[in-house]
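Residues: numbered from 1 along the sequence shown.
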Amino acid sequence: MKVLLAAINAKYIHSNPAVYSLKAYVAEYGEDVEIAEYTINHREEAILADLYEKNPDVIAFSCYIWNWHFVQPLLRELPKVLPETDLWLGGPEVSYHCEKVTAAFPHIKGIIVGEGEVTFAEILSRYKQAEFSGSKVERFDDISGLYLPGSGLTEERKLTDLSEIPFFYQDMDAFENRIVYYESSRGCPFRCSYCLSSIDKFMRLRPLDTVRKELAFFLEKRVPQVKFIDRTFNCNHVHAKAIWNFIKENDNGVTNFHFEIAADLLDEEELTILNGMRPGLVQLEIGVQSTNERTIREINRVMDYNKLRRVVDAIESGHNIHVHLDLIAGLPYEDLTSFKKSFDDVYSMHPNQLQLGFLKVLKGALMFERVSEYGLAYTDDPPYEVLRTKWLSYADVLELKRVEEMVELYYNSNQFVHTVRYLETLFDRPYDLYAALAKEYEEKGYFVQTPSRSYRYEILLNFARGIDPSTEDVMRELLTFDLYLREKCKSRPSFAADLTTFKEELRAREADKKDHIEVFFHPVWSKDPSKREKTPYYVRFSYGKRDPLTQNAEVTVG
Ligand code: SF4
């Protein structure tokens with residue numbers, strides 16, 4: 001009997017830990033299943049053909065917000081070409097509106113609701129018993145954690161003890177050049193109204209000894225990145241400290257660990273551990289979502305914003321940790337004015353990445369029940385993203401979408417750090433800079449004809465010239481500085497100064513071929529780059545010595 005676990009991932013570098021966990025769990029009971037992973041870039045016909053050629057008896061699809069759009073056509077076509085194959089679904093995208101899903105896809109055998117390991121193992125054992133006796137499976141309705149067409153939900157599945165979930169990273173060949181996801185806890189003690197993790201009633205931890213052993217495996221294999229999928233990694237202090245201490249003491253100089261944390265829960269001891277880590281060993285993702293108190297209360301979020309700020313400042317003072325801060329647009333009681341403030345507040349914390357996300361109205365989350373109260377309109381199809389609210393018009397949402405694109409290109413890319421810092425000074429507030437850039441993009445048609453990476457430097461130069469022509473000199477140097485910080489260019493950029501008169505001096509100074517020396521008249525690396533000096537600075541960019549956190553070349557001003 002052949003059983004397939006099918007997953008469609010958003011990118012090749014992603015993997016689907018859910019199907020690997022199911023496979024490992026059933027293997028402990030002597031069952032063997034195959035995994036078929038695809039990406040959303042595969043053509044639907046190609047996935048259909050591949051599944052057909054594997055000719056399985058059972059296929060179980062892992063359904064998430066990012067792949068549901070791609071799974072649905074397969075559920076329509078597969079019964080036509082593999083009529084004998086039983087189709088099962090599982091995952092958050094199908095667990096909270098089972099009736100609708102089974103009505104739309106009547107060939108589905110059933111849906112695994114909630115955690116899948118034990119339920120899937122019991123389903124498999126039914127198939128095996130039937131195969132052994134040469135009959136068909138008579139019933140599944142006595143298995144907990146299922147939705148079955150015709151009979152509805154079976155008994156609720158008890159939550160699984162995490163110590164019973166096996167470690168599935170034995171063979172690392174399947175994960176070469178891919179992100180390794182790791183789970184040291186399940187569930188979240190918080191109740192944010194937009195989040196499906198708030199539904200899990202109990203927070204469970206994987207035993208620390210097991211976690212240490214498994215992390216040692218990753219360290220020994222020198223995997224580039226381990227992403228913890230724990231929803232709020234640091235909500236148990238003992239657990240978080242033990243893991244961070246272990247990572248710190250066993251650092252292999254290569255592996256990076258990513259955690260999603262609640263910053264305002266960090267205590268002094270944890271901050272000390274974090275501040276003492278190798279630069280680049282850890283990166284932290286911190287959800288702020290909004291700084292509007294009314295909004296935070298309304299979405300049931302527990303957050304001490306002032307403490308969060310202090311903690312983020314303390315983390316950043318160590319210059320050793322990549323910090324991502326998240327915001328969500330479209331939350332209740334957040335209009336455009338209030339969102340601009342949230343944006344500026346978060347921006348002023350100088351994160352390495354500022355993630356401007358948009359509310360997703362997820363079936364099963366409390367937010368879904370408040371749709372009419374909040375005047376929420378959202379897309380019918382995944383990702384069920386907000387279109388307007390009682391507080392935010394569609395025009396406002398569109399403005400924020402454009403601002404988000406500008407933040408991605410000009411802030412999160414880390415390509416224009418010094419230029420952007422200078423441009424901020426030409427505006428009353430950071431939000432206005434990105435809104436003005438978005439306007440420039442719209443007027444010039446750049447949202448349609450996406451400019452190349454190199455042309456984005458020219459765009460910034462023209463943009464600043466349009467605001468104040470006297471900025472041209474310093475802008476040229478800022479852009480040149482930012483460009484050489486990232487890369488040793490083969491050809492000289494068009495906006496950089498002509499250095500013919502400095503040729504001899506530059507030749508005399510350039511000892512290491514891996515370096516580049518550039519001439520500046522403005523101290524563009526300083527807080528006040530606008531003052532032009534009479535004598536030039538000779539700035540050396542050393543690409544052999546890059547900053548482990550930003551990957552920028554080391555700079556020496558001579
Ligand atoms: S948003 Fe984060 S803190 Fe809130 S319930 Fe979800 S996982 Fe927990």
Strictly distance-based, threshold 3.5 Å: is any side-chain N or O of [X] a donor or acceptor partner for the main-chain N or O of [Y]?
X	Y	answer
D313	R310	no
N250	L219	no
S62	A7	no
D251	L281	no
S342	T291	yes
T379	E385	yes

**OP:** Applying ring pair (Phe, Tyr, Trp, His ring centres under 6.0 Å), name anything that partners Y181, two or more places apart in sequence or on another chain.
**Re:**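 With sequence neighbours excluded, Y181 shows a ring pair (Phe, Tyr, Trp, His ring centres under 6.0 Å) to no residue whatsoever.
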Subject >> Partner residues of H522 under the ring pair (Phe, Tyr, Trp, His ring centres under 6.0 Å) criterion, sequence neighbours left out >> reply: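 Ring pair (Phe, Tyr, Trp, His ring centres under 6.0 Å) list for H522, sorted by chain: empty.
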Subject >> Geometric class of the W244/F259 ring pair [parallel <30°, tilted 30-60°, perpendicular >60°] >> reply: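 Ring orientation of F259 relative to W244: perpendicular.
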Original post:
F358 ring centre to K401 NZ or CZ under 6.0 Å, with the angle to the axis within 45°?
Top reply: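 The answer is yes; both the distance and angle limits are met.
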Original post:
Within 45 degrees of the axis of the six-membered ring of Y384 and under 6.0 Å from its centre: does K363 put its NZ or CZ there?
Top reply: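 Geometry flag: set, cation within 6.0 Å and 45°.
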Can a salt bridge be assigned to the pair [X] and [Y] using a cut-off of 4.0 Å between side-chain N and carboxylate O?
X	Y	result
E298	R294	yes
D267	K241	yes
D345	K341	yes
R402	E442	yes
R206	E183	no
E37	R178	yes
E164	R204	no

How about [X] and [Y]: does a side-chain donor come under 3.5 Å of a side-chain acceptor?
X	Y	answer
R546	N552	no
D230	T232	no
N300	S193	no
S144	R157	no
E117	S21	yes
R309	N306	no
D468	S470	yes
Y194	R301	yes

Original post:
How would you list, by chain and number, every residue that makes a side chain to side chain donor-acceptor pair (under 3.5 Å) with T160, sequence neighbours excluded?
Top reply: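 Listed in chain order: E115.
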**OP:** Decide yes or no on side chain to side chain donor-acceptor pair (under 3.5 Å) for N275 and T272, but give the supporting numbers first.
**Re:** CA-CA 5 Å; N275 279 152; T272 309; over 6 Å; no
Any [X] side-chain heavy atom under 4.5 Å of [Y] side chain:
X	Y	value
I243	L208	yes
Y147	L89	no
H14	I179	yes

**OP:** Name all residues meeting the side chain to side chain contact (heavy atoms under 4.5 Å, CB included) criterion together with P207; count only those two or more places apart in sequence or in a different chain, and write none if there are none.
**Re:**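 Result, side chain to side chain contact (heavy atoms under 4.5 Å, CB included) vs P207: S163, T210.
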**OP:** For T39, enumerate each residue passing the side chain to side chain contact (heavy atoms under 4.5 Å, CB included) test, keeping only those at least two apart in sequence or located in another chain.
**Re:**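 Partners of T39 by the side chain to side chain contact (heavy atoms under 4.5 Å, CB included) criterion, ordered by chain and then number, come out as Y12, N41, H42.
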So that I know where these two stand, are [X] and [Y] an aromatic pair - ring centroids less than 6.0 Å apart?
X	Y	value
Y169	F218	yes
F257	Y182	no
H237	H239	no
Y347	Y411	yes

**OP:** Decide side chain to side chain donor-acceptor pair (under 3.5 Å) for Q225 and T255; before the verdict, give the C-alpha distance in whole Å, the side-chain angles of both, and the deciding distance to 0.1 Å.
**Re:** CA-CA 5 Å; Q225 187 177 46; T255 308; over 6 Å; no
Original post:
Is it true that atom CD of E373 has more than 12 heavy atoms of other residues, nucleotides or ligands lying nearer than 6.0 Å?
Top reply: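 More than 12 heavy atoms, drawn from other residues, nucleotides or ligands, come within 6.0 Å of this atom.
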Original post:
What pairs with E399 under salt bridge (charged side-chain N to carboxylate O under 4.0 Å, His left out), at least two apart in sequence or on another chain?
Top reply: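 Partners of E399 by the salt bridge (charged side-chain N to carboxylate O under 4.0 Å, His left out) criterion come out as none, since no residue qualifies.
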**OP:** Apply side chain to side chain donor-acceptor pair (under 3.5 Å) to the pair E285 and H258, showing each step before the final yes or no.
**Re:** CA-CA 8 Å; E285 183 169 344; H258 176 105; 3.1 Å; yes
